[in-house]
Novice: 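Before we start, here is the structure in question, set down as structure tokens.
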Amino acid sequence: MSDQLEKVKELIALRAEARLGGGEKAIQKQHDKGKYTARERIAQLLDDGSFEELDMFVKHRCTNFGQEKKSFLGDGVVTGYGTIEGRLVYVFAQDFTVFGGSLSETMALKICKVMDMAMKMGAPIIGINDSGGARIQEGINALAGYAEIFQRNIMASGVIPQISGIFGPCAGGAVYSPALTDFIVMTQGPSYMFLTGPKVVKTVTGEDVTQEDLGGASVHSTKSGVAHFAAENGEEGLAIIRKLISFIPQNNLEEVPLVECNDPIDRLEDSLNEIIPDSPNKPYDMYEVIGAIIDNGEFLELQRDYAKNIIIGFARFNGQSVGVVANQPKYLAGVLDSNASRKAARFVRFCDAFNIPLVTLVDVPGFLPGTGQEYNGVILHGAKLLYAYGEATVPKVTVTLRKSYGGSHIVMSCKQLRGDMNYAWPTAEIAVMGGAGAVEVLYAKEAKDAPDPAQFMAEKEAEYTKLFANPYNAAKYGYIDDVIEPRNTRFRIIRALQQLQTKKLTNPAKKHGNIPL
Ligand code: HXC
């Protein structure tokens, strides 16, 4: 065998060794826990055969605690690039089979390298987390590595999409890299995120709590709002990431991806002409409206089980991606509260940063009143959504289906927040407040002197409702661009979006605004 062939053989052997990560036993342990390895995950995530791995021969440099005697090719993370539906993405997947995926100095360097490449090439970065945190033997170097990653997360924010999969442990300060990214996908079961684990919680507060109850996928997708998706398992989690990528552009300078649309753009949905109940207090399901008007009913909803009074997600109109924000009358009557405002505000800002038009469907009775909300800072949280809509320069199409009252009318992408096309259904009620509340403020004193106070108030309410509980009063002033037939909503939105394709609007030059955080 020639020298060269010998060297090629050595390379092949080294590659095979690297692909085994922490070794067969560790891989088996990972499988026994119901988890895939880093390389298996990448293979499922990317188009077949598209993965190009980098830094396979990197090893840690630590000599503390006899670490020099134990090292693995590639260290605890697999990095590289590949494609999803033919589009370039950069990936890193922490390899739990190597020191529990814990972050070493060299691991951080590997991750930073692909993050830098993603920024240079203008492509999304996807990180799969499954790690015991900072590599304890490396001390401060591991911390410095995290900080390097966080700084890159911050610089990449709003420039390239950043997506985090949490497919195993993610604890301590390590949670802050995913938290800085645009989307977090968790899996039920073996994944959790928390700043301090159950043992520390017990010591400090005396509280007994399991890992799952402290930071499992259910907690973060229902209570904290940290996770955007809670997948059943790893496969589903990776499929969600692929789908997410299909809706969003590669970077902030690109237009949204356009796919072929086989759903007729002038499809009439007769059911929408009868969806609004006669009683204003009766709910209907906003999902039915969304499903009826978007391309093929295909909706990728985010934070589905968190602040269910507002719905956010990606859809397409005539093949073009949009961000949909919609009040949900079926949950808390679609009221805006702190959590709903924060949820929608972050989504609106993502869409605006990445040139994704916004379609807003309004049926909102107002902000949730009470000490619970006020003490929780609903003023600031509501202002976040107001700010997000007001600063957004992407095309904004708003359809008011029914209620749109008071401050919540303004917040939900009204005309004066630079809404481009503001439509209303004939059932829209655009006013300072609902009829019952309004007459209470205006006529409570007079009613006391009336022969039949209830009758008097009912008459006043009917008078108020006739004047304000319709879209024409707002349309009279041009605050509504047109009153449209509900069954034709899809077509009108598509027309509006087509018209807005050449929209140009820029905000004043500034270092950055000061959104009420
Ligand atoms: C070095 C680690 C490690 C770590 C795990 N390992 N975490 N090595 N540094 N942080 C090693 C284990 O020693 C073990 O090595 C292998 O990885 C697999 O771990 P197991 O414990 O066998 O796995 P499992 O039972 O599944 O438990 C997983 C775990 C547990 C819950 C994550 O390993 C654990 O509690 N790890 C420590 C977590 C932690 O406290 N990290 C530091 C947090 S501070 P062998 O050789 O036996 O296979 C932090 C600060 C970040 O992260 C700040 C950022 C700003």
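Numbering of ligands and ligand atoms starts at 1, following listing order. What you see is a predicted model; the values in this text were computed from it and never measured.
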Novice: Is there any ring-ring contact (aromatic ring centres under 6.0 Å, His included) pair reaching into residues 344-377, and which pairs are they, with sequence neighbours excluded?
Specialist: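 Of all non-adjacent pairs touching residues 344-377, those that pass ring-ring contact (aromatic ring centres under 6.0 Å, His included) are F183-F350, F314-F347, F350-F354.
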Novice: Just wondering, do D75 and R135 contact through their side chains at under 4.5 Å, heavy atoms?
Specialist: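 When only atoms from C-beta onward are counted, D75 and R135 do touch, with a gap below 4.5 Å.
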Novice: Please tabulate, one line per pair, the protein N or O atoms found under 3.5 Å from any N or O atom of ligand 1, giving the distance to one decimal.
Specialist:
from     : atom 1 : to   : atom 2 : distance (Å)
ligand 1 : 9 (N)  : S102 : OG     : 3.4
ligand 1 : 9 (N)  : I136 : N      : 3.1
ligand 1 : 10 (N) : G132 : O      : 3.1
ligand 1 : 10 (N) : A134 : O      : 2.9
ligand 1 : 17 (O) : G100 : N      : 2.9
ligand 1 : 22 (O) : K29  : NZ     : 3.3
ligand 1 : 26 (O) : K33  : NZ     : 2.9
ligand 1 : 41 (N) : G132 : O      : 2.6
ligand 1 : 46 (O) : K70  : NZ     : 2.9
ligand 1 : 52 (O) : A134 : N      : 2.8

Novice: Below 6.0 angstrom between ring centroids: does that apply to F99 and F72?
Specialist: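 Ring centroids of F99 and F72 are less than 6.0 Å from each other.
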Novice: Can you list, pair by pair, the side-chain donor-acceptor contacts under 3.5 Å of residues 319-336, counting residues two or more places apart and other chains?
Specialist:
from : atom 1 : to   : atom 2 : distance (Å)
S321 : OG     : F247 : O      : 2.8
N327 : OD1    : D363 : N      : 3.0
Q328 : OE1    : M286 : N      : 3.0
Q328 : OE1    : K330 : N      : 3.2
Q328 : NE2    : D285 : OD1    : 2.9

Novice: Would you mind writing out the side-chain donor-acceptor pairs for residues 88-98 within the sub-3.5 Å range, not counting sequence neighbours?
Specialist:
from : atom 1 : to   : atom 2 : distance (Å)
Q94  : OE1    : D130 : N      : 2.9
D95  : OD1    : T97  : N      : 3.0
D95  : OD1    : T97  : OG1    : 2.6
D95  : OD2    : T97  : OG1    : 3.3
T97  : OG1    : G22  : N      : 2.9

Novice: Any luck finding a side-chain donor-acceptor pair between N153 and Q162 under 3.5 Å?
Specialist: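 Indeed, the side chains of N153 and Q162 share at least one donor-acceptor pair under 3.5 Å.
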